[in-house]
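When reading the values below, keep in mind they use all heavy atoms of this one structure, side chains included, and skip hydrogens, waters and symmetry mates. What you are looking at is a predicted structure, and each value in this text was computed from that prediction instead of being measured. Chain letters run A, B, ... following the sequence lines, proteins first, then strands; residues in each count from 1.
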Amino acid sequence: MGADIASGVRGRPHSAKPAPDHVPAGNQMNLFDIFHARIASILKGVQAAGRLPDLDLARFVVEPPKDAALGDLACNAAMVFAKEAKAHFSSPRELAVEICYALAQSEGVATAEVAGPGFINIRLEPEMFSQVLRAALLDPENYGRVARSRDGALQGKVNVEFVSANPTGPMHVGHGRGAVFGDALANLLAFSGCEVTREYYINDAGAQVDVLARSAHLRYREALGETIAIPEGLYPGDYLKPVGETLAKTHGEALLDRPESEWLPIVKNAAIDAMMDLIRDDLAALNIRHEVFFSERTLHDRSKGPSLIDNAIDWLREKGLVYEGRLPPPKGQLPDDWEDREQTLFRSTDFGDDVDRALKKSDGSPTYFAADIAYHKDKIDRGFDTLVDVWGADHGGYVKRMGAAVAALSDKRVSLDVKLCQLVKLMRNGEPVKMSKRAGDFVTLREVVDEVGVDAVRFMMLYRKNDAPLDFDLAKVIEQSKDNAVFYVQYAHARAKSVLRQALTAFPDLDLTGNALAKARLDLLTDEGELQLSRMIAQYPRAIEAAAAAHEPHRVAFYLHELSSVFHSHWNRGKDQPQLRFVNATERDLTSARVALVLSLTAVLGSGLRLLGVSAPDEMR
RNA sequence: GCGCCCGUAGCUCAGCUGGAUAGAGCGCUGCCCUCCGAAGGCAGAGGUCAGGGGUUCGAAUCCCUUCGGGCGCGCCA
């Protein structure tokens, strides 16, 4: 380690400090971005001197070091560019030293030193963290917002399609996961600079809604006094009873002794409308609202000439991507009704799919895939740059063909990211909740939300990576203990708010607004716990950008948990060491500084929780 | 048979798109507290990142392969 320290370079002394009133906007205050830009500019200088070739400067990263004892920021640039630098630098360390020398002249840098194989560890002047806190205090709404992602990915119009449950009944818990995931992702992308549309694709065209209509018709007859038996294959749930009653009220006996072909469209429309109302209510209970509900039926409509599906297929045909041909039979067990016939196929293999896919059924009607092609073409035509589809994991086999379709439809301009959500296992105290399949007797999303509340449902569904199965324990998620992540994070916020209240008790004239507290003597924050909190707060913009870029809102939930943990730990130190408590009635300046730290903490916790759609309570009840 | 997802502490899971000594909670062990700054605190043990090969300064992460689990596999949506 001695060698590492030997190559360290000290920064300029305090004369170089920036003016304390210099505060960048909340969405600009990302230390990691700032230093990425500085190091990129240093490297450009070396290039200008002819000692480095052209480099892809997006390749290196500035990140928190593994161990906070190493410094505040770490950079791998010298190692990443080792190969390109060989002509003028014998080792990565040599290039790293050069970068360190330049960095040491840079504003706000205390030390910059080389470690290990060529890491650059940067220690910042405390003033840099004060700037971060001031940004969060003065512009809490925008702190953490992504100003402009380096690769330009987080901008433009994004369509997030999620839920898209069949309109055949109330939502169940599995739907709820996709719903919460999609909504939080949309929040995150909007916060990160994208123009976001939340969209729901209503599968109201297939055989399933015909089944729904027949089921509703039975309930209609029941409402008119008949005793009914619900045959296998129809939907037995009670939720169709009101539909039947309404039909009886509005149509009397008019739909009774008519052929199915006559009553079915009427009953179907009524039933779908009723089911969508049901689903919208379920979504509203989770505070989810889609901007667009897109009906699959509109794609099939030929009343005004060729349907949107016809048009989409024609469009692909003109590109030479549709042909009549035969498909090899599937490997393994052959389906019973397999027949080798010529059919209309889309060349999805040109875009990475395993086989070409059928667009028409044997009766000439379009496949589900054909409709989905038309739907995605519509989204592309509406000008979206990025499409995100949130599906259940059982649709995994469908991902490649849809990606192929979007690539074909947009000449590879638009990207499609399909996020698969795994199953949710409902538990109570570690025991699985029995979900009996008979008589449509399943646990609905609504029942769960009513029992444990929106916050618990939303947070727990986001406190797991989307493609990992989730055990949802109805008892644990409302437990008031450290083991319950929802409580832990919300409690951190409530506890922070309580500090503000206590500060006011000690200093009744203390101005607790961000504007006032930004003027506090933040240089008095010198305890390791306080610095640790500051560092975590400084990492918020980076966490947001990473979560948004990866389309992974769970990272926000984990970040908030870690931030809370740092806060709780520091709070607990105040028990044994009263001088570390946030409020100290005899030290006004110190208290102001600490309260400023706490207020910026509430800003970040509030911001993150808002993205997840979870409330940030002022106190726990 | 093919494709996709997954395999990380006894359990449940993170691991910031290739970085430094792989983390957290539960459980376990040992101390401390019983304080309204409450809904406990601190510390410790615990790992062949499923196995094997490869790519390079560097791999839990990327490629190949084996094993094990989940999902899907023309005209269901």
*Asks:* Using the P atoms only, state how far B:U61 lies from B:U17, rounded to an integer number of Å.
*Replies:* 15 Å
*Asks:* Using modelled atom types only, decide if a donor and an acceptor are shared between the side chain of A:His493 and the backbone of A:Pro617 within a distance under 3.5 Å.
*Replies:* yes
*Asks:* Rounding to the closest angstrom, what is the interatomic distance between B:C49 and B:C36 at atom C1'?
*Replies:* 44 Å
*Asks:* Which nucleotide, if any, forms a Watson-Crick or G-U wobble pair with B:G25, using both distances under 3.5 Å?
*Replies:* B:C11
*Asks:* Would you say A:Lys86 reaches B:C57's phosphate, i.e. side-chain N/O to OP1/OP2 under 4.0 Å?
*Replies:* no
*Asks:* Look through every strand shown and name the nucleotide pairing with B:C49 as Watson-Crick or G-U wobble, where both distances are under 3.5 Å.
*Replies:* none
*Asks:* Please report the distance separating the C1' of B:C13 from the corresponding atom of B:G54, rounded so that it comes out in whole Å.
*Replies:* 30 Å
*Asks:* With RNA chain B as reference, determine whether A:Pro64 or A:Asn203 sits nearer its 5' end, using the nearest nucleotide of each.
*Replies:* A:Pro64
*Asks:* Need one value for A:Gln480: base, sugar-phosphate or nothing, where a base atom within 4.0 Å counts as base even if backbone is also close, heavy atoms only.
*Replies:* base
*Asks:* Nearest 0.5 angstrom please: A:Leu590 CG to A:Gln579 CD, how far?
*Replies:* 10.5 Å
*Asks:* Does the separation of the ring centres of A:Phe558 and A:Tyr463 fall below 6.0 angstrom?
*Replies:* yes
*Asks:* Hunt down the Watson-Crick or G-U wobble partner of B:A20, both distances under 3.5 Å, from any strand shown, or write none.
*Replies:* none
*Asks:* Can you tell me the Watson-Crick or wobble partner of B:U61, both distances under 3.5 angstrom?
*Replies:* none
*Asks:* List for me each residue that meets side chain to side chain donor-acceptor pair (under 3.5 Å) alongside A:Thr367, sequence neighbours excluded, and say none if there are none.
*Replies:* none
*Asks:* Quiz question: by atom type and distance under 3.5 Å, do the side chains of A:Tyr375 and A:Glu199 form a donor-acceptor pair?
*Replies:* yes
*Asks:* Base, sugar-phosphate or nothing for A:Tyr368? Non-hydrogen atoms, less than 4.0 Å.
*Replies:* base
*Asks:* On the nucleotide B:G15, are OP1 or OP2 found under 4.0 Å from the side-chain N or O atoms that A:His554 carries?
*Replies:* yes
*Asks:* Could you identify the nucleotide paired to B:G1, looking across every strand shown and requiring Watson-Crick or G-U wobble geometry with both distances under 3.5 Å?
*Replies:* B:C73
*Asks:* Return yes if some donor-acceptor pair links the side-chain N/O of A:Ser192 with the main-chain N/O of A:Leu188 below 3.5 Å, else return no.
*Replies:* yes
*Asks:* Taking only the side-chain heavy atoms of A:Asp467 (C-beta and beyond), determine which of B:A77, B:C5, B:A14 contains the nearest atom.
*Replies:* B:C5
*Asks:* If you only use heavy atoms from C-beta on, which nucleotide in B:C57, B:C13, B:C75 is closest to the side chain of A:Arg341?
*Replies:* B:C75
*Asks:* Which nucleotides of nucleotides 19-31 of chain B have their base under 4.0 Å from a protein heavy atom (B), which only their sugar-phosphate (S), and which neither (-), written as one string 5' to 3'?
*Replies:* BB-----S-----
*Asks:* Does B:G15 have OP1 or OP2 under 4.0 Å away from a side-chain N or O of A:Lys465?
*Replies:* yes
*Asks:* If we only count heavy atoms from C-beta on, is the A:Arg177 to A:Leu470 side-chain gap below 4.5 Å?
*Replies:* yes
*Asks:* May I ask which nucleotide in the shown strands pairs with B:C42, Watson-Crick or G-U wobble, both distances under 3.5 Å?
*Replies:* B:G30
*Asks:* With under 30° as parallel and over 60° as perpendicular, where do the rings of A:Phe60 and A:Phe81 fit, or are they tilted in between?
*Replies:* perpendicular
*Asks:* With rounding to whole Å, what would you report as the distance between B:A60 and B:A22 at their C1' atoms?
*Replies:* 8 Å
*Asks:* Give A:Ala393 one of three labels, base, sugar-phosphate or nothing, depending on what nucleic acid heavy atoms sit under 4.0 Å from its own.
*Replies:* sugar-phosphate
*Asks:* Could you work out which one of B:C16, B:G72, B:C57 sits closest to the side chain of A:Asp394?
*Replies:* B:G72
*Asks:* Keeping A:Asp356 on the side-chain end and A:Leu345 on the backbone end, is there a donor-acceptor pair under 3.5 Å?
*Replies:* no
*Asks:* Spell out yes or no: do the side chain of A:Arg464 and the base of B:C13 have one donor N/O and one acceptor N/O closer than 3.5 Å?
*Replies:* no
*Asks:* Using every non-hydrogen atom in the two residues, find where A:Leu504 and A:Leu510 come nearest and quote the distance to one decimal.
*Replies:* CD1-O, 3.4 Å
*Asks:* Which one is paired to B:U55, where only Watson-Crick or G-U wobble pairs with both distances under 3.5 angstrom count?
*Replies:* none
*Asks:* What are the atom names and distances for every N/O pair under 3.5 Å that joins the protein to nucleotides 33-38 of chain B?
*Replies:*
{"residue": "B:A38", "atom": "OP1", "partner": "A:Lys575", "partner atom": "NZ", "Å": "3.4"}

*Asks:* How about A:Tyr398 and A:Asp372: do any of their side-chain heavy atoms sit closer than 4.5 Å?
*Replies:* yes
